[in-house]
Engineer: 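The structure under discussion is supplied below as C-alpha cells; questions concerning it will follow.
Because the structure is a prediction, the values reported are computed rather than measured. Throughout, numbering of the chain's residues begins at 1 and tracks the sequence.
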Amino acid sequence: MFSISEAELYARHITKPETPLLREVRETTTRELAYDTMLSGPLVGSLLRLLVGISGARNVLEVGTFTGYATLQMALALPAGGIIRTCESNEKYAGIARRFFERYREEGGETEIRILPGLAMDTIRDQVLSSSRDPQSGADDTSYPVREQKPGALDFIFLDADKEHYPDYYEMLLPELRPGGLMVI
C-alpha cells in the first residue's frame, strides 16, 4: 500500500513539468503575497488540466481565481475558441492574474480568459445565470454572460473559493452544467 508521500512522489514523477509561465505565476505568488497556500499548485493544476482535456470542455467557469495558476492550467487544455470565466473578488489577486493572462495571450494562448469581479455568488447570479444580457451589446468583459440564454452550457466548473457556500454554488450551478460535464469541488 502506498503512503501519501509515496503517492505524491509518484504523481510528481508522471506529471508534465510546469511551463515557464506557470512557474513564474507560482514564484510571483510566493514573492508578492505573504501566503501562497491558496495556490492550486503543480499537482492540482495538472489534474485540472487533465480533467478539462479529457472532458472535451470548451466553456469553463472557475469560482476563485487567486493569482491564476489553475486558470492557466485549464486554459492549456482547452481547444482554440474555448473560454474560461473566472470569479475573483480580491482586486490584488485579480491584478496579478491579469498580468499573467495577458502574457498567456501574448505567447499565443488561444483560450479566452475573462475575470468576473465581485463576490462570486453575486457575480454568478448576475452574470452567469442571467439570460437578460446581450453578449453583442458592447458591454465590457466583466458583464459578459457565461451562457447564451440556454441551460446546460457549462462544460466544466471548478469551485475553489467561498467554501462555506459550496452547497449553494452546487445547487445553483448544477442545472448550468451540460450532461456529461464535470464539476470539481
Engineer: Side chains of Asp162 and Cys87, heavy atoms from C-beta outward: is any pair under 4.5 Å?
Structural biologist: no

Engineer: Are any side-chain N or O atoms of Glu88 and backbone N or O atoms of Phe66, one a donor and one an acceptor, separated by less than 3.5 Å?
Structural biologist: yes

Engineer: Should Asn59 and Arg85 count as side-chain neighbours, where that means a heavy-atom distance under 4.5 Å?
Structural biologist: yes

Engineer: Is any side-chain heavy atom of Met172 closer than 4.5 Å to a side-chain heavy atom of Met121?
Structural biologist: yes

Engineer: Given Ser40 and Phe158, is the side chain to side chain contact (heavy atoms under 4.5 Å, CB included) satisfied, shown in steps?
Structural biologist: CA-CA 11 Å; Ser40 293; Phe158 178 40; 4.2 Å; yes

Engineer: Considering only heavy atoms from C-beta outward, does the side chain of Leu33 approach that of Lys92 to under 4.5 Å?
Structural biologist: yes

Engineer: Got Phe101 and Ile115 here, is their nearest side-chain heavy-atom distance under 4.5 Å?
Structural biologist: yes

Engineer: Looking at Tyr93, is its backbone amide N or carbonyl O close enough to the side chain of Asn90 to form a donor-acceptor pair, meaning the two atoms are under 3.5 Å apart?
Structural biologist: yes

Engineer: Step by step, would you call Arg12 with Glu8 a salt bridge (Lys or Arg N to Asp or Glu O under 4.0 Å)?
Structural biologist: CA-CA 6 Å; Arg12 287 185 191 285; Glu8 185 174 336; 2.7 Å; yes

Engineer: Can you tell me if Thr65 uses its side chain to pair, donor with acceptor, with the backbone of Gly68 under 3.5 Å?
Structural biologist: no

Engineer: Please check if the side chain of Tyr104 supplies one atom and the backbone of Thr111 the other of a donor-acceptor pair under 3.5 Å.
Structural biologist: yes

Engineer: Please step through side chain to side chain donor-acceptor pair (under 3.5 Å) for the pair Arg31 and Thr28, ending with a clear verdict.
Structural biologist: CA-CA 5 Å; Arg31 186 177 57 253; Thr28 298; 3.2 Å; yes

Engineer: Do Ile157 and Val60 have side chains that approach each other closer than 4.5 Å (heavy atoms only, starting at C-beta)?
Structural biologist: no

